[in-house]
Amino acid sequence: MSTVLTTNIVGLTKLGQGKVRDLYAVGEDKLLLVASDRISAFDVVMAQGIPGKGRILTQLSVFWFGITQEVIANHLITADDTEIAAALATVGGVWDEMLAGRAMLCKRTRPLKIEAVIRGYLSGSGWKAYKTDGPNLWGNELPAGLVESDRLPTPIFTPSTKADAGHDEPMTPEEAKNLLGEHYAAVVNAAQGLYSFAAAHAEQRGIILADTKFEFGLNENNEVILIDEALTPDSSRFWPADTYQPGGAQPSFDKQFLRDFLESVPGWNKQAPPPDLPEAIIAKTAEKYEEAWRRLIES
């Protein structure tokens, strides 16, 4: 399978390129989101990609957008390749087969400058902060004596800044409320509702949704809707339920093999340029993304 590291769609204006997605304008009121096969770790984009990763991310997002519409509306118009090609043609854009399965035509919104993170388990940066700062985790009171990967009494809202460059920084709920104003309650309710819905769905398929992050925007009616991606291994921490054991890190359906390899590279300071990825690491990472996709969407 070929690896797509960058895109350049003839006839469309490229608005930006993130760590994974390329963003294009389609007329004045639509956007095209294209998921590449790029992969990042420690905020550094690797020189090699993961074959098929962009298609898996797109198809998972489309799946979640479809089944969570009763929780909150979202920005997806269509992910059908034929419909997207027709929409591009109306504004002079030229469809490229490399886009197949990895593109979403979406409504243009006013993005809210916040990452809405919901944590149901104590892991990652949450666990690190809990160890150093105690049970008050960014404004959320937790019990004392928890161990790594413990399930929390209730899922908590731990928002972060959405930086245009560099690292996102944790915020307290109060800081998020000051930033979002009248839209704060809608964002929290939507994020909590989405997490609960998705966690229940994943549990039925033998997967624990430990934490996840959402992005929201305002539509033409000033209403909060879900945007960007949703509940993929890039934005979520998925664990196999049959091996879950609190008290340490858990195996996960994401970049675990990649992170473990990078941590083992002598002398790499987690700054660009990154070390080259061995074929075995690329293959194992691709397998984990595909396994998550298959298990989550199976009937």
Side-chain angles (χ1 to χ4, degrees), residues 1-8 17-22 33-61 96-103 121 123-128 148-149 165-168 202 206-213 229 231-245 247-297:
M1 184 184 296
S2 61
T3 304
V4 176
L5 293 180
T6 189
T7 64
N8 185 20
Q17 177 173 300
K19 292 186 182 75
V20 174
R21 285 169 181 77
D22 295 346
L33 273 66
V34 182
S36 74
D37 295 328
R38 298 189 295 270
I39 191 167
S40 67
F42 310 112
D43 285 326
V44 177
V45 178
M46 302 294 109
Q48 293 83 23
I50 306 300
K53 173 176 175 278
R55 289 192 177 95
I56 288 173
L57 296 183
T58 297
Q59 298 310 311
L60 262 178
S61 288
D96 190 310
E97 283 303 317
M98 78 163 58
L99 304 174
R102 62 177 72 243
Y121 293 75
S123 186
S125 60
W127 167 240
K128 291 178 182 177
E148 184 177 7
S149 303
H167 299 274
D168 297 330
I207 292 177
I208 292 171
L209 176 57
D211 55 55
T212 190
K213 65 179 180 180
E229 64 174 332
L231 296 153
T232 73
D234 271 11
S235 64
S236 313
R237 206 181 306 267
F238 291 113
W239 297 335
D242 59 355
T243 59
Y244 171 64
Q245 183 65 50
Q250 308 296 307
S252 57
F253 295 99
D254 59 6
K255 313 172 188 179
Q256 180 182 340
F257 290 113
L258 173 63
R259 293 193 192 97
D260 290 348
F261 163 73
L262 293 172
E263 292 278 17
S264 72
V265 175
W268 188 56
N269 62 358
K270 298 181 181 178
Q271 303 290 326
D276 286 336
L277 303 181
E279 285 298 322
I281 298 301
I282 293 173
K284 287 180 179 179
T285 303
E287 288 172 7
K288 279 297 177 185
Y289 274 81
E290 183 169 352
E291 184 180 356
W293 168 64
R294 292 191 183 281
R295 289 179 65 169
L296 286 167
I297 69 171

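Keep in mind it's a predicted model, so treat the numbers as computed, not measured.
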Residue set satisfying side-chain hydrogen bond (donor to acceptor under 3.5 Å, both in side chains) with Glu287, at least two apart, ordered chain then number -> none
On a heavy-atom basis, the closest approach of Asp37 and Gly54 is OD1-N, 2.7 Å
Indicate yes or no: at least one non-hydrogen side-chain atom of Arg237 is less than 4.5 angstrom from one of Ser123.
-> yes
Contacts of Gln250 meeting side-chain hydrogen bond (donor to acceptor under 3.5 Å, both in side chains) (sequence neighbours excluded), chain-then-number -> Ser149
Would you find a donor on one side and an acceptor on the other, under 3.5 Å apart, between the side chain of Trp293 and the backbone of Leu296?
-> no
Measure the acute angle between the ring planes of Tyr244 and Trp239, then classify it against the limits of 30° and 60° as parallel, tilted or perpendicular.
-> parallel
Salt bridge present between Lys288 and Glu291 (N-O < 4.0 angstrom) | yes
Which residues pass the side-chain hydrogen bond (donor to acceptor under 3.5 Å, both in side chains) test with Lys270, sequence neighbours left out?
-> Glu263
Does Gln17 have any side chain to side chain contact (heavy atoms under 4.5 Å, CB included) partners at least two apart in sequence or in another chain, and if so, which?
-> Thr6, Lys14, Asp22, Arg38
Quick one: list whatever passes side chain to side chain contact (heavy atoms under 4.5 Å, CB included) with Lys255, sequence neighbours left out.
-> Ile39, Ser40, Asp234, Leu258, Arg259, Tyr289
Expected output: side-chain Thr58 to main-chain Arg102 donor-acceptor under 3.5 Å | yes
To the nearest 0.5 Å, atom CD of Glu229 lies from atom OG1 of Thr212 at 8.0 Å
By side chain to side chain contact (heavy atoms under 4.5 Å, CB included), Ser264 pairs with (sequence neighbours left out) Phe261
Which residues share a ring pair (Phe, Tyr, Trp, His ring centres under 6.0 Å) with Phe238, sequence neighbours left out = none
Contact check, side chains of Ser36 and Thr7, non-hydrogen atoms, under 4.5 Å = no
Taken in chain and number order and not counting sequence neighbours, the residues that satisfy side-chain hydrogen bond (donor to acceptor under 3.5 Å, both in side chains) with Asp276 are Gln48
List the steps, then state whether side chain to side chain contact (heavy atoms under 4.5 Å, CB included) holds for Val20 with Lys53.
-> CA-CA 10 Å; Val20 174; Lys53 173 176 175 278; 3.6 Å; yes
Could you walk me through whether Leu231 and Leu209 pass the side chain to side chain contact (heavy atoms under 4.5 Å, CB included) test, one step at a time?
-> CA-CA 9 Å; Leu231 296 153; Leu209 176 57; 3.8 Å; yes
Set of residues satisfying side chain to side chain contact (heavy atoms under 4.5 Å, CB included) with respect to Glu279, sequence neighbours excluded | Ile282
What are the two closest heavy atoms between Phe253 and Ala292, and how far apart are they?
-> CB-CB, 3.7 Å
Distance in Å, Ile56 CD1 paired with Ser61 OG, rounded so as to fall on 0.5 Å steps | 12.0 Å
When every non-hydrogen atom of Ala100 is compared with those of Arg55, the smallest separation belongs to O-NE, 2.7 Å
Heavy-atom closest contact (Ala286 atom, Pro51 atom, distance) = CB-O, 4.3 Å
Heavy-atom pair of closest approach, residues Leu60 and Pro233 = CD1-CD, 3.6 Å
Straight-line distance of Ile208 CD1 to Tyr121 OH, nearest 0.5 Å | 4.5 Å
State the OG1-NZ distance between Thr232 and Lys213, to the nearest 0.5 angstrom.
-> 9.0 Å
Is the shortest heavy-atom distance from the side chain of Arg21 to the side chain of Leu57 under 4.5 Å?
-> yes
Closest approach of Ala47 to Pro274 (non-hydrogen atoms, all atoms of both residues) = N-CG, 3.9 Å
